[in-house]
Every structure is written in C-alpha cells, then in structure tokens.
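Heads up: the structure comes next, in structure tokens.
Computed from heavy atoms alone, side chains included, the values below leave out hydrogens, waters and symmetry copies. Bear in mind that the values here come from a model prediction, so they are computed numbers and not experimental data. By convention in this document, chain letters (A, B, ...) are assigned in the order of the sequence lines, proteins followed by strands, and residues within each chain are numbered from 1.
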Protein chains: 2
Amino acid sequence: MGTTHLEPVQEPKYWHLKTVLNEALDSEFAVGEVLPNERELAARFGVARATLRQALEQLELEGRLQRRRGVGTTVAPPRMGVSIGPAQGSWPGAAGDAWRTVGCVEAPAPAAVARLLGEDPDSAADAGTLVHTVRRVRMMHGQAVATELLYVPRTSVPGLPETLSPATHPRAVLRELNRLDLESEDRAVELGSARAEDAKQLERLPGAPVLVVTTRYVAAGRVVAVAVATYRADTCRLTFGDTGSMEITHHDGAEQRQAS
Amino acid sequence: MGTTHLEPVQEPKYWHLKTVLNEALDSEFAVGEVLPNERELAARFGVARATLRQALEQLELEGRLQRRRGVGTTVAPPRMGVSIGPAQGSWPGAAGDAWRTVGCVEAPAPAAVARLLGEDPDSAADAGTLVHTVRRVRMMHGQAVATELLYVPRTSVPGLPETLSPATHPRAVLRELNRLDLESEDRAVELGSARAEDAKQLERLPGAPVLVVTTRYVAAGRVVAVAVATYRADTCRLTFGDTGSMEITHHDGAEQRQAS
DNA sequence: TAGTGGTCTAGACCACGCT
DNA sequence: GCGTGGTCTAGACCACTAA
C-alpha cells in the first residue's frame with residue numbers, strides 16, 4: 001500500500017478508496033494484522049479523515065475489517081457460517097448447541113411478539129399474554145455472534161410450576177418446550193441495527209448492523225414460541241439448508257496468511 | 001415534531017435524534033409523506049447537518065425512511081416480505097414467479113462461483129468451467145427488489161445447442177434446467193453493499209446495503225446451478241419456510257395512515 | 001433553474017483500551 | 001497518559017430531479 005495519491009476520477013473518492021484498500025487488503029495484509037491509524041491513512045491517500053472513514057465503514061460492513069475504539073483497525077477473518085434451522089438441533093435448548101442462557105423473566109408480550117404468536121390484535125392491544133422471556137447468547141469460536149429473545153407463552157408450557165427460582169427458571173422452560181414435538185418453523189431475516197442492550201453483549205457499539213432472524217415455532221397446529229435473534233452482520237454468514245456443507249469458511253483473497 | 005432542541009444527555013446526539021425522529025415518524029407522519037429537508041431538520045434540532053444525516057442514515061438502514069437525491073426524504077412503507085425458497089416455485093424459471101430475465105452470456109465461472117459449484121480448487125485456478133450466466137431481476141409491487149446472477153455449467157444442461165441467439169438463450173437455459181428434478185438447496189445469507197451494476201437496477205446508489213443470498217441447487221447428487229441474488233436490504237424482509245404465513249406486511253407503528 | 005440529497009474538507013473534542 | 005477510533009461542527013461544492 002504505497003503513498004498512492006488518487007488520480008482524479010469522476011467516481012466518489014471514498015468509493016475508489018474502498019476499491020484500493022480492498023485490493024491492498026488481499027495482497028498486502030494478513031488476517032488479524034493492524035492497519036495504520038485513520039489519520040495516517042487519510043494523510044497517505046491525501047483525503048480528509050471523514051472521507052477515509054466512509055471507505056472503512058463500508059469495508060467493515062462487508063466484513064473485511066474490524067475496528068475497535070482505543071485499539072485500532074484490523075483485517076477481519078472471513079465471515080463464519082452460522083447454521084440457522086431446521087437442521088443442527090436448533091429447536092431451542094437442544095443439547096449440544098452453542099447457546100448460553102443469560103436470563104429469564106415472565107412478562108406480558110410486546111405487541112409485535114403477540115402478533116407473531118397469532119393473537120387477536122384487539123385483545124393483544126390492551127392485555128398482552130404472559131410469556132416467559134428467555135434471553136440467550138450464541139457463542140462460536142469463543143465469540144458472541146448472536147443474542148436472542150425467546151418468547152414462550154405460559155399456555156405453551158402448562159407443566160411448569162407457578163414460581164421458579166431465577167437459576168432454574170430458564171432451564172425449566174426450555175426443558176418443557178423440548179417435550180413438545182415441533183411441526184414446522186417459519187423464519188424471516190432482515191437488516192437492523194443493534195439496540196444498546198444487544199450491542200453490549202455482541203461487543204459492538206449501539207447501531208451496529210445486525211441480521212434479525214425471527215422464528216415462529218409451530219407444534220400441534222399452534223405457534224408455541226417465537227424467537228427474535230440478532231446476529232452480528234459483520235462477522236456472520238447465515239446458512240440455511242440440509243447439509244451445512246456450505247459451512248466452508250474460506251474466502252476469495254489471494255493468500256490467507258495469519259498474523260502473529 | 002416541534003422545535004425540540006435536544007436536552008444535554010450523555011448519549012450520542014445522532015442516537016438520541018434517531019429515537020426522537022422514530023417516534024415522530026410513528027405519531028406524526030403518514031407513509032409516503034415527505035419530511036422537511038436536511039438543512040431545515042438540522043436547524044430545527046440544533047445540530048450540524050452531518051449529525052442529522054447520521055440519524056437519517058440509520059433510519060433508512062432500518063427501512064423507516066427512503067431518501068432520493070433531488071427529491072427528498074419520505075416515510076417508507078413497512079418492509080415487504082419476499083419469499084425465499086424452498087416454497088413458491090423458486091426453482092429458477094418456474095412459471096408464475098416474479099423474475100424478469102434481462103440477459104445471458106456464456107463465460108468462464110469466477111473463482112468464487114467455481115468453488116460453490118464444487119470444482120477442484122486447483123483446476124478452477126487456471127481454467128474455470130464455462131457457465132451460462134443468466135442475469136435476472138425480481139419485481140414486486142412494480143418495484144425491483146433483487147438482482148440475481150444464475151450460473152449454470154454447460155455440463156448441467158447438455159441438451160442445449162452450441163450456439164443460441166441472445167433472445168432465446170436465457171429462456172432455453174432455464175427450460176433445460178427445469179427438466180432436471182431438484183433434490184435440495186443450500187442457502188446462505190449475508191450483508192453486502194451493492195456493486196455499481198446491481199445498484200443501478202435496484203434504483204439505489206452504489207454501496208447501498210443489500211442482503212446477498214447464495215443458493216446451490218443440487219440434482220442427481222451434483223451441484224447443477226448456483227445463484228447469487230442481491231436483495232435491497234432497506235425494503236425487503238426475506239421469509240423462509242413452509243407456509244409463507246409470515247408474509248403479513250404490517251408494522252408496529254401506531255396509525256398506518258396513507259399519504260395522498 | 002431551484003431545491004434536494006450526496007460528497008468532501010479541516011478542524012475540534014470525547015470515550016475507550018492499553019500500559 | 002497516550003493513542004486509538006467515535007462524535008460533532010460549519011462550512012463548501014457537486015449531481016440529480018422536477019418544474
């Protein structure tokens with residue numbers, strides 16, 4: 001990455017800059033390596049820092065870079081493929097999955113969730129059903145890749161005792177849920193930005209781009225649970241389907257060296 | 001939306017601004033309505049235009065706003081649910097789907113595609129297989145929501161004549177493809193930014209956020225085709241699963257009035 | 001041609017991670 | 001405390017759309 005000042009083009013500077021950096025990343029940097037700091041880079045390319053940042057932002061969005069305040073900008077490893085249903089025992093709480101339960105409360109369902117549960121919109125308006133709300137975090141390669149809120153109406157798990165200790169509560173809900181036999185799952189994926197709470201658990205700043213996966217679990221003809229999972233969009237590629245053979249984690253880039 | 005100057009908080013201004021605007025959008029604006037211009041809004045909230053823009057950018061990312069150069073900023077309708085296989089005859093070219101074919105060439109497969117097709121990485125390095133490359137656009141409600149490049153190796157459609165006119169070529173490829181019986185599909189979804197070419201067809205600026213859906217079609221134990229589809233992330237919610245009953249296009253917001 | 005959003009600049013200060 | 005990325009400002013000019 002030389003002191004290449006940009007030749008005048010009729011293409012936004014930040015766009016051209018992005019291309020140049022992308023190529024430099026492929027050919028001159030190893031995964032995990034730290035780039036020069038933003039002031040340095042901006043000077044080297046002869047642009048304002050804000051312009052340089054616009055290019056870096058996009059590269060981070062595309063999963064090529066990782067930036068951390070107080071630390072620096074590093075070359076990101078290829079996105080990891082995370083398997084989303086129906087395979088790999090994603091039925092919440094199945095043994096061996098990579099979810100870690102971090103809490104559970106019992107509260108009225110938010111309006112949006114009530115609608116997904118197939119409530120009558122009117123009745124949901126004034127009094128949402130009581131739902132067990134389990135918060136979980138999905139770990140992969142020692143990193144938090146997703147947070148999830150799992151909503152289970154009390155009516156879905158009638159076998160539960162009235163009062164539960166915070167320690168056993170989530171486990172009990174998941175256990176009861178696994179007793180039901182799952183008929184099907186509906187899923188939707190959309191782009192969102194991390195709310196403050198999620199951002200913290202994903203070790204990102206609020207507003208970071210995330211992929212929101214909404215799942216409805218159907219058993220015995222009824223929606224028995226709804227999950228809203230928030231995946232880091234920068235580091236994750238969501239994989240669907242039977243085999244999981246697309247889980248190959250390799251990338252285009254020329255050499256795949258490793259930083260010390 | 002009053003002349004509410006922001007009270008001093010220890011939260012980024014643009015973040016707070018986003019919250020305020022989001023609420024105003026729910027309560028004081030109808031879908032399709034145009035907002036005051038950026039200079040006006042910035043003045044009204046007592047912030048620099050760049051700061052105001054940071055808030056607007058996020059709201060656009062979340063599908064709440066739509067901005068068009070030379071026109072203005074309007075309140076976006078709720079995201080539309082677009083169905084992604086395996087239902088709804090998504091096997092390319094099936095009758096009645098909303099894809100419009102815009103071109104077709106025969107060329108060596110790019111390295112990334114060759115890998116997805118299950119090629120030997122070494123042989124792919126020096127000589128990619130010849131593939132038919134069909135470019136399609138997915139329309140919904142009269143709007144382009146996705147572009148797709150469908151890669152079909154010549155070996156997958158041996159029945160095809162050597163030379164084809166540009167007009168009949170794509171149709172012929174799709175027809176041959178439909179003769180095979182599809183065994184399964186692998187899919188992956190990740191965040192990307194629109195390349196110049198895609199952006200144009202999606203009526204967005206280059207770099208706009210998109211959801212990239214990569215599909216591998218398997219028939220007779222082999223990968224017979226690979227599709228890379230690029231969906232507008234601002235206007236689309238991708239839906240997966242059996243019923244498509246999550247296709248409800250309604251949103252949280254209080255009233256859902258309609259602009260004139 | 002007037003008005004919009006998009007790009008760009010050259011500064012300043014802040015919050016955070018390290019050491 | 002020092003260096004990093006994150007936020008913010010107050011300008012300027014450009015590219016596009018529509019009247």
Side-chain angles (χ1 to χ4, degrees), chain A residues 5-6 8-19 21 33-61 64-76 193-194 196 199-200 203-209 234, chain B residues 5-6 8-19 21 33-61 64-76 193-194 196 199-200 203-209 234:
Chain A
H5 276 246
L6 311 169
V9 280
Q10 209 43 7
E11 186 186 31
K13 279 190 187 175
Y14 79 92
W15 186 260
H16 184 227
L17 203 44
K18 189 186 125 182
T19 311
L21 284 168
E33 198 170 341
V34 302
L35 269 59
N37 72 50
E38 296 184 347
R39 289 155 180 95
E40 164 74 20
L41 280 176
R44 213 183 280 195
F45 286 105
V47 298
R49 191 178 154 217
T51 305
L52 185 269
R53 276 180 61 83
Q54 214 174 335
L56 294 185
E57 251 150 52
Q58 284 226 10
L59 289 170
E60 188 177 33
L61 198 81
R64 299 286 283 132
L65 293 179
Q66 179 156 3
R67 301 192 289 169
R68 273 169 304 171
R69 168 153 54 179
V71 179
T73 302
T74 59
V75 180
S193 44
K200 204 150 130 191
E203 301 174 70
R204 302 260 57 202
L205 290 177
D234 54 345
Chain B
H5 276 246
L6 312 170
V9 281
Q10 210 43 9
E11 187 186 32
K13 279 191 189 176
Y14 79 92
W15 186 260
H16 185 227
L17 204 44
K18 190 185 125 183
T19 311
L21 284 168
E33 199 171 340
V34 303
L35 267 60
N37 71 52
E38 297 183 347
R39 291 157 178 93
E40 163 73 19
L41 279 176
R44 212 183 278 193
F45 287 105
V47 300
R49 192 177 154 220
T51 305
L52 185 270
R53 277 179 61 81
Q54 214 174 334
L56 294 184
E57 252 150 51
Q58 284 226 11
L59 289 170
E60 188 178 31
L61 198 81
R64 298 286 283 131
L65 292 179
Q66 179 158 5
R67 300 192 289 171
R68 272 170 304 169
R69 167 153 52 175
V71 179
T73 302
T74 59
V75 180
S193 44
K200 205 151 130 191
E203 302 172 68
R204 302 258 58 201
L205 291 175
D234 53 346

Can you tell me how far the [atom1] atom of [X] sits from the [atom2] atom of [Y], to the nearest 0.5 Å?
{"X": "Glu57(A)", "Y": "Glu57(B)", "atom1": "CD", "atom2": "CD", "result": "7.5 Å"}
{"X": "Thr19(A)", "Y": "His16(A)", "atom1": "OG1", "atom2": "NE2", "result": "6.0 Å"}
{"X": "Asp234(B)", "Y": "Arg204(B)", "atom1": "CG", "atom2": "CZ", "result": "5.0 Å"}

ask   = Do Pro12(B) and Gln54(B) come close enough that some side-chain heavy atom pair is under 4.5 Å?
value = no
ask   = Considering only side-chain heavy atoms of Glu38(A), which listed nucleotide, dC8(C), dC8(D), dG6(D), is closest?
value = dG6(D)
note = With five pairs defining each end axis, the helix from dT1(C)-dA18(D) to dC18(C)-dG1(D) comes out bent, to 10°, by 20°
Check the distance between [N]'s [atom2] and [X]'s [atom1] and give it to me in whole angstrom.
{"X": "Glu203(A)", "N": "dC16(C)", "atom1": "CD", "atom2": "P", "value": "15 Å"}
{"X": "His16(A)", "N": "dT7(C)", "atom1": "NE2", "atom2": "C1'", "value": "16 Å"}
{"X": "Arg204(A)", "N": "dC16(C)", "atom1": "CZ", "atom2": "C1'", "value": "14 Å"}

[X] side chain N/O closer than 4.0 Å to the phosphate oxygens (OP1, OP2) of [N]?
{"X": "Asn37(A)", "N": "dT4(D)", "value": "yes"}
{"X": "Tyr14(B)", "N": "dT7(D)", "value": "yes"}
{"X": "Thr51(A)", "N": "dT9(C)", "value": "yes"}
{"X": "Arg53(A)", "N": "dG5(D)", "value": "no"}
{"X": "Thr73(A)", "N": "dT4(D)", "value": "no"}

query = Got a sec, which residues hit side-chain hydrogen bond (donor to acceptor under 3.5 Å, both in side chains) with Glu38(B), two or more places apart in sequence or on another chain?
reply = Arg49(B), Arg53(B), Arg67(B)
message = Among residues at least two apart in sequence or on other chains, which ones pass side-chain hydrogen bond (donor to acceptor under 3.5 Å, both in side chains) with Glu203(B)?
response = none
key: Nucleic acid footprint by protein, nucleotides 10-19 of chain D - heavy-atom cut-off 4.0 Å, B for base, S for sugar-phosphate alone   = --BB-BBB--
task = Classify the nucleic acid contact of Leu56(B) as base, sugar-phosphate or nothing, counting any heavy atom under 4.0 Å across all strands shown.
result = nothing
inquiry  = Using the side-chain contact (heavy atoms from CB on, under 4.5 Å) criterion, which residues pair with Thr74(A)? Sequence neighbours excluded.
reply    = Val34(A), Gln66(A), Arg68(A)
Partner set under side-chain contact (heavy atoms from CB on, under 4.5 Å) for Leu65(A), not counting sequence neighbours = Leu25(A), Leu35(A), Leu56(A), Leu59(A), Thr73(A)
task = Before giving the answer on side chain to side chain contact (heavy atoms under 4.5 Å, CB included), spell out for Leu21(A) and Leu52(A) the whole-Å C-alpha distance, their side-chain angles and the decisive distance to 0.1 Å.
result = CA-CA 10 Å; Leu21(A) 284 168; Leu52(A) 185 269; 4.3 Å; yes
